[in-house]
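Written out below as C-alpha cells is the structure these notes cover.
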There are 2 protein chains.
Amino acid sequence: MMAGLREKKKEQTRRRISEAALRLFDERGYDAVTIAEVAEAAGVAKVTLLAYFSCKDSLVLDAVKEDLAAIVVGREEGRSPLDALREHYRRMASNGTGGMDVEELFTRIRVISSSPALLAGLQHAHASQRAELAAALASTLPGDGLVAQLMAAQISAAVTTLQEAFFHRLSTGVSLEEAGRLLGADVDLAFDLLQHGFSSPQGEKS
Amino acid sequence: MMAGLREKKKEQTRRRISEAALRLFDERGYDAVTIAEVAEAAGVAKVTLLAYFSCKDSLVLDAVKEDLAAIVVGREEGRSPLDALREHYRRMASNGTGGMDVEELFTRIRVISSSPALLAGLQHAHASQRAELAAALASTLPGDGLVAQLMAAQISAAVTTLQEAFFHRLSTGVSLEEAGRLLGADVDLAFDLLQHGFSSPQGEKS
DNA sequence: GCATAAACCGTACCGAGTACATTTTTGAAC
DNA sequence: GTTCAAAAATGTACTCGGTACGGTTTATGC
C-alpha cells in the first residue's frame with residue numbers, strides 16, 4: 001500500500017525531531033530547553049515541529065502512550081477485561097524491551113522521571129484514556145455506567161502507579177531485567193488488589 | 001489572633017478577584033476570558049491577581065479542593081482509612097451545601113463542567129494529592145509502600161469519578177437535593193467496589 | 001510620628017502555541 | 001520531461017499565561 005517516499009521522509013523528519021528533543025532534554029533538562037531550540041537542532045522550523053508534535057510534552061510522551069481500551073476490546077473470547085489487562089502487563093514485564101532501542105528507552109525514562117511536567121503529562125495521558133476504557137467496560141456490565149467509570153478510573157490509576165514504579169526503578173540504576181522481574185510481581189499485586197479489594201489478603205488491617 | 005485590617009483587605013481582594021473571574025467565565029466561557037480581563041474587572045493588576053491565584057485555573061478550582069490525606073490522618077481511633085473517607089463523603093452527600101452560597105456553587109460547577117481545561121485541572125488536583133494520601137496510608141500498612149500507592153491512586157481516582165458524576169448531574173438540571181441523594185448511593189457503590197474489588201457482587205461477570 | 005515590611009503596581013520580558021500568507025517539494029498524469 | 005495540484009515546510013507576526021524587577025503605597029508595631 002503505497003511505499004511512499006513522501007511517507008518515508010515524514011517518518012525520518014519525525015525521528016530527527018524526536019531524537020534531537022530527547023538528546024537536548026537529557027543534556028540540559030526538559031524545562032531549560034525551548035521548542036525553538038529543538039526545532040533548530042532538528043533542522044526544521046518551529047511551526048513544522050508543532051505540526052508533528054502537538055505540544056512540547058508529546059515530544060517525549062508520544063512514544064510511551066498505550067491504549068488500554070484496545071486491549072479490552074481485542075481480548076480473547078471468554079476472558080474478562082481485567083484478566084486481559086493483567087495478562088498484557090505480565091507479558092510486558094517478561095518481554096524485556098520487545099525490540100525497542102534500549103538506550104533510547106532509558107534516556108526517555110530518565111528524562112520523564114526527572115521532570116515534574118512530564119510526569120504530570122503522563123498522568124494526564126492515562127486519565128485521557130479513562131473515558132474510552134469506561135466505554136469499553138460499560139458494554140460488559142449492567143447498570144448506568146457508573147460502575148464502568150469507577151473501574152476504568154481505578155484501572156488507569158493502578159496502571160499509572162505501576163508505570164511510575166517501573167520508571168523509578170530504572171532511573172535509579174536497577175537493571176532492565178531486574179526491573180522487569182519486579183514489575184511482574186507488582187502487576188499481580190496491583191491486579192489482585194483491583195480484583196479483590198482492599199480487604200484481604202494484603203488489604204487494610206481493621 | 002490579630003483581627004488585622006490588613007488580613008481583612010486581603011480577604012476582600014481575594015473575593016473580588018474570585019467573583020469577577022467566576023462571573024466573566026460564566027458569561028463568556030473560560031477560554032475566551034484572559035486573566036488580564038479578570039484583573040481589570042476586579043480592579044487589580046495582573047501581577048496582583050497572580051499573587052493571589054497561582055494560575056488561571058486556580059481562580060475557579062481553589063474553592064473546591066479537598067485534602068484526602070487530612071481525612072485519613074484525622075480519622076477516629078480504630079476506624080479504617082477507607083471507612084473514614086466513605087463516612088466523609090456520605091456526610092457530604094447528605095449535608096447539602098453546608099452553608100455555602102448555593103448560587104455561586106452552581107455557577108462554579110457550571111463553569112467547570114463546560115471547560116475541558118478545568119476538568120483536566122480537577123483531575124490534576126486530585127492526582128497531586130495522591131502522594132500525600134499514599135504517605136498517610138503507608139503508615140497503616142506493611143510492605144514497601146506499593147500497596148499504599150496503589151490504594152491511594154485507586155481512591156483518588158474513585159473520588160474524582162464521584163465528583164464528576166455529581167457535577168455532571170448538577171450541570172444538567174438535577175436539583176441539589178436529588179443530586180445529593182444520588183451521590184449518597186454512588187458513594188457506597190464506589191467504596192464497596194474499592195473494598196471488595198471487581199468480583200462480587202456488582203463486579204464483572206466472568 | 002516613624003521605620004519596616006507587606007501589598008501593590010507598571011512594564012518589560014519569556015516561552016508555548018496559533019494564524020496566515022507564501023514557497024518548496026512531491027506524486028502522478030500527460 | 002513538462003505540468004499541475006496537493007501536501008509539506010517556512011517566516012512572520014500574534015495571543016496569552018506566567019515571571020522578573022524595581023518602584024510606590026499602606027498598614028502595623030514601636
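Letters A, B, ... mirror the listed sequences (proteins, then strands); counts begin at 1.
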Here the distance between atom C1' of C:dA16 and atom CG of A:L118, to the nearest Å, is 14 Å
*Does B:Y52 place a side-chain N or O at less than 4.0 Å from the phosphate oxygens OP1/OP2 of C:dA7?*
no
Taken to the nearest whole Å, CD/B:E40 to C1'/C:dC9 is 15 Å
Worksheet item: OP1, OP2 of C:dT26 versus side-chain N and O of A:K9: anything below 4.0 Å?
Response: yes
- Message: Can a donor-acceptor pair be found, under 3.5 Å and without considering hydrogens, that links the side chain of A:R23 to the backbone of A:A20?
- Response: no
Rounded to whole Å, CZ of A:R14 lies from P of D:dA7 at a distance of 19 Å
| Contact class for A:V33 vs. all strands (heavy atom < 4.0 Å): base, sugar-phosphate, or nothing? | sugar-phosphate
When rounded to whole Å, the CD to P distance for the pair B:E7 and D:dT26 reads 18 Å
Here the distance between atom C1' of D:dC16 and atom CG of B:L59, to the nearest Å, is 14 Å
Restricting to nitrogen or oxygen on both sides, can you table the protein-nucleotides 17-21 of chain C pairs closer than 3.5 Å?
residue: C:dG17; atom: OP2; partner: A:K56; partner atom: N; Å: 2.6
residue: C:dG17; atom: N7; partner: A:K46; partner atom: NZ; Å: 3.2
residue: C:dG17; atom: O6; partner: A:K46; partner atom: NZ; Å: 2.9

Would you check if there is a donor-acceptor pair between the side chains of B:S156 and B:H126 at a distance under 3.5 Å? no
message = Is the phosphate of C:dG15 approached by A:T34 (side-chain N or O, under 4.0 Å from OP1 or OP2)?
response = no
Just so I know, are the side chains of A:L194 and B:L150 near enough to count as touching, which here means a heavy-atom distance under 4.5 Å? no
Between B:A32 and A:A51, whichever has its closest DNA chain D nucleotide further toward 5' is A:A51
Per atom distances to the B:K10 side chain, the nearest of C:dA7, D:dC16, C:dC9 is C:dA7
**Prompt:** Is NZ or CZ of A:R14 both nearer than 6.0 Å to the six-membered ring centre of A:F53 and within 45° of the ring axis?
**Reply:** yes
Of B:L85, B:V73, B:L137, the one forming a side chain to side chain contact (heavy atoms under 4.5 Å, CB included) with B:L68 is B:L85
Rounded to whole Å, CZ of B:F53 lies from C1' of C:dC8 at a distance of 16 Å
Rounded to whole Å, the CD-P distance (B:E11 to C:dA6) equals 18 Å
Taking C:dG10, D:dT10, C:dC8 as options, the one with an atom nearest any side-chain atom of B:T13 is C:dC8
Measure the shortest side-chain to side-chain distance between B:F25 and B:T107 over non-hydrogen atoms and say whether it is less than 4.5 angstrom.
no
Comparing nearest nucleotides in DNA chain D, the 5'-proximal residue of the pair A:T48, B:A36 is A:T48
Quick one: are B:P81 and B:R75 in side-chain contact, heavy atoms under 4.5 Å? yes
Taken to the nearest whole Å, CD/B:Q12 to C1'/D:dT26 is 15 Å
